[in-house]
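All residue numbers refer to positions in the sequence shown, counting from 1.
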Amino acid sequence: MADALLTRLGIHHPIIQAPMAGTSTVALAAAVSNAGGLGSLGLGSSSVEQARLQITELKQATARPFNVNFFCHQTEPDNAPRNQQWLAMLQPYFAEFAASPPTQLTAAYPSFIEHHAMLNMLLAERPPVVSFHFGLPSQAFIEALQQAGIILLGCATNLTEANAIVAAGLDGIIAQGYEAGGHRGVFEPEQDVELGLFGLLQLLKSQCPLPVIAAGGIMHGQAIAQVLQMGASAVQMGTAFILCPESAASQEYREQLSSAKAYETGVTSVISGRLARGLRNRMHRELAADHASVPAYPTAYSAAKALHAAAIQHGCHDFAPYWAGQGAPLARALPAAALMAQLIQEWQQASPE
């Protein structure tokens with residue numbers, strides 16, 4: 001099944017670079033695709049025109065297949081009193097930097113679920129692969145993309161989500177373990193069972209007919225060999241690519257990921273309104289007890305980004321959302337092509353004859 005998925009995707013090596021909205025770039029995705037893997041763009045927070053431009057630029061940068069990823073979260077009704085309560089809670093933190101919190105909060109970007117303009121753009125541009133995070137769009141959206149010849153992947157963190165992906169007729173399942181950095185693709189956050197990749201991969205392989213792509217904590221070729229032996233058809237790696245010069249990570253992000261801080265990641269919802277793993281910061285440490293007051297995703301993210309922006313004006317990075325998985329200390333600062341070559345060599349050396 002592994003060879004069948006690689007053939008379907010049109011790639012030579014079983015390595016998918018995770019989309020990582022805000023960190024992935026055209027240059028990073030192109031380098032991975034050109035090295036025989038599947039480069040990805042995280043377009044969930046992009047406008048239609050921004051997404052179109054990145055897809056166009058990536059087509060120009062590589063003749064190889066690539067993946068574009070979209071968020072399919074359920075949109076919650078706006079809760080102005082809750083938003084104002086959260087802003088009031090954050091006000092003392094803004095005051096540290098002689099700044100004021102936003103007067104109101106809004107969702108920074110829509111879900112793909114009902115984003116017809118984004119769908120129409122995809123049907124016109126026809127990227128080779130589209131993947132979904134936080135859920136699935138309607139069957140009408142799925143069938144329209146399939147009729148355009150686009151390969152579809154969905155992210156699952158438990159068996160129920162995987163079964164939904166199978167029922168929807170997608171081509172593969174990205175099995176994302178609790179070790180993963182950033183926001184895992186949980187469909188319904190209140191029902192997150194926090195499965196690690198080791199258990200999740202075995203569970204999905206035993207009960208799902210689709211190819212499974214392993215994600216979460218995979219940082220080197222030996223780990224690639226291990227999950228492929230367990231039945232995965234490919235791997236998806238995010239944190240491993242953050243230190244590549246082609247990523248959009250800031251200098252401070254790179255320095256913290258290369259420091260002892262990488263050994264301490266934590267999961268919190270207070271930054272964005274959804275649980276996400278990153279390098280622990282003051283929001284993890286000082287606001288975790290107030291998670292019940294956090295506005296919905298992605299509305300809460302607007303407040304956190306505003307606070308981070310105010311802090312960095314004073315040289316403070318204590319509120320930065322530096323997403324990273326549990327394998328963060330193993331990240332390597334190599335150009336993407338060199339990292340791909342290293343990963344492939346390690347994987348082949350660790351694979352049984």
Side-chain angles (χ1 to χ4, degrees), residues 18-24 42-47 50-51 69-90 93 101-102 104-115 118 131-138 154-158 160-161 164 174 176 178 180-194 215-216 238 265-284 287-309 319-325:
M20 299 184 294
T23 301
S24 64
L43 301 179
S45 58
S46 300
S47 69
Q50 288 170 336
N69 178 261
F70 294 93
F71 300 150
C72 294
H73 53 283
Q74 295 293 328
T75 302
E76 294 189 28
D78 187 49
N79 188 330
R82 186 180 185 184
N83 296 349
Q84 290 302 317
Q85 179 185 3
W86 186 243
L87 289 172
M89 193 172 295
L90 294 180
Y93 293 96
Q104 61 183 14
L105 294 177
T106 57
Y109 41 84
S111 172
F112 180 68
I113 289 178
E114 296 298 332
H115 203 336
M118 191 70 82
S131 60
F132 306 122
H133 210 60
F134 302 144
L136 296 169
S138 69
C155 184
T157 65
N158 59 46
T160 300
E161 294 167 355
I174 301 164
Q176 192 175 34
Y178 194 62
H183 298 81
R184 287 160 52 250
V186 181
F187 286 24
E188 298 181 40
E190 64 277 7
Q191 296 181 13
D192 186 2
V193 291
E194 302 179 357
T265 65
V267 176
T268 186
S269 62
V270 299
I271 295 175
S272 71
R274 259 185 178 262
L275 290 174
R277 181 181 297 280
L279 305 183
R280 287 176 61 83
N281 63 22
R282 283 183 62 186
M283 295 192 79
H284 289 79
L287 290 167
D290 302 308
H291 66 89
S293 304
V294 181
Y297 173 88
T299 301
Y301 219 168
S302 299
K305 289 178 178 178
L307 178 56
H308 174 50
F319 299 92
Y322 294 151
W323 306 126

Expected output: side-chain [X] to main-chain [Y] donor-acceptor under 3.5 Å:
{"X": "Q50", "Y": "S47", "result": "yes"}
{"X": "S293", "Y": "W86", "result": "no"}
{"X": "S24", "Y": "P19", "result": "yes"}
{"X": "Q176", "Y": "G185", "result": "yes"}
{"X": "S302", "Y": "T106", "result": "yes"}

Atom CD1 in I113, atom CE in M118: separation rounded to 0.5 Å?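 The distance works out to 13.5 Å.
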Nearest 0.5 Å, what's the OG1-OH distance between T75 and Y297? 10.5 Å
Can you list the residues that meet the side chain to side chain donor-acceptor pair (under 3.5 Å) rule with [X], with sequence neighbours excluded?
{"X": "S45", "result": "none"}
{"X": "T299", "result": "none"}
{"X": "T265", "result": "R277"}

Determine the interplanar angle of the F71 and H133 rings, folded into 0 to 90°, and report it as parallel if under 30°, tilted if 30 to 60°, perpendicular if over 60°.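 Rings of F71 and H133: tilted, 30 to 60°.
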Does the plane of the ring in F112 sit parallel, tilted or perpendicular to the ring in F132? Use 30° and 60° as the thresholds.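 Ring orientation, 0 to 90° scale: parallel.
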Side chain to side chain contact (heavy atoms under 4.5 Å, CB included) with [X]: which residues, sequence neighbours excluded?
{"X": "Q84", "value": "L87, Q104"}
{"X": "Q191", "value": "E188"}
{"X": "R280", "value": "E264, H284, R285"}

Taking every non-hydrogen atom, the tightest pair across [X] and [Y]:
{"X": "L105", "Y": "P295", "result": "CD1-CG, 4.2 Å"}
{"X": "F319", "Y": "L307", "result": "CD2-CD2, 3.5 Å"}
{"X": "S131", "Y": "N69", "result": "OG-ND2, 2.8 Å"}
{"X": "N79", "Y": "R82", "result": "OD1-N, 3.0 Å"}
{"X": "A300", "Y": "G273", "result": "CB-N, 3.7 Å"}
{"X": "N281", "Y": "A320", "result": "ND2-O, 2.8 Å"}

Could you tell me whether the side chain of V267 reaches within less than 4.5 Å of the side chain of Y178, counting heavy atoms only?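 Yes; the side chains approach each other to less than 4.5 Å.
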Are M283 and Y93 close enough that some pair of their side-chain heavy atoms sits under 4.5 Å apart?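 No, too far: nothing below the 4.5 Å cut-off.
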Can you check whether F70 and H115 have ring centres sitting under 6.0 Å from each other?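 No: the rings miss the under 6.0 Å criterion.
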List the steps, then state whether side chain to side chain donor-acceptor pair (under 3.5 Å) holds for N83 with D78. CA-CA 8 Å; N83 296 349; D78 187 49; 3.1 Å; yes
For F187 and T157: C-alpha separation, side-chain torsions, deciding distance, then whether side-chain contact (heavy atoms from CB on, under 4.5 Å) applies. CA-CA 8 Å; F187 286 24; T157 65; over 6 Å; no
Is the CD atom of Q74 crowded by more than 12 outside heavy atoms at less than 6.0 Å? no
side-chain contact (heavy atoms from CB on, under 4.5 Å) between D192 and R184: does it pass, once the steps are laid out? CA-CA 10 Å; D192 186 2; R184 287 160 52 250; 2.9 Å; yes
May I have the step-by-step check of side-chain contact (heavy atoms from CB on, under 4.5 Å) for L90 and L287, ending in yes or no? CA-CA 9 Å; L90 294 180; L287 290 167; 3.6 Å; yes
Mark yes or no: R274 above the aromatic ring of F134, with NZ or CZ under 6.0 Å from the six-membered ring centre and no more than 45 degrees from the axis. yes
Between W323 and H183, does a side-chain contact (heavy atoms from CB on, under 4.5 Å) hold up when you go through it step by step? CA-CA 8 Å; W323 306 126; H183 298 81; 3.6 Å; yes
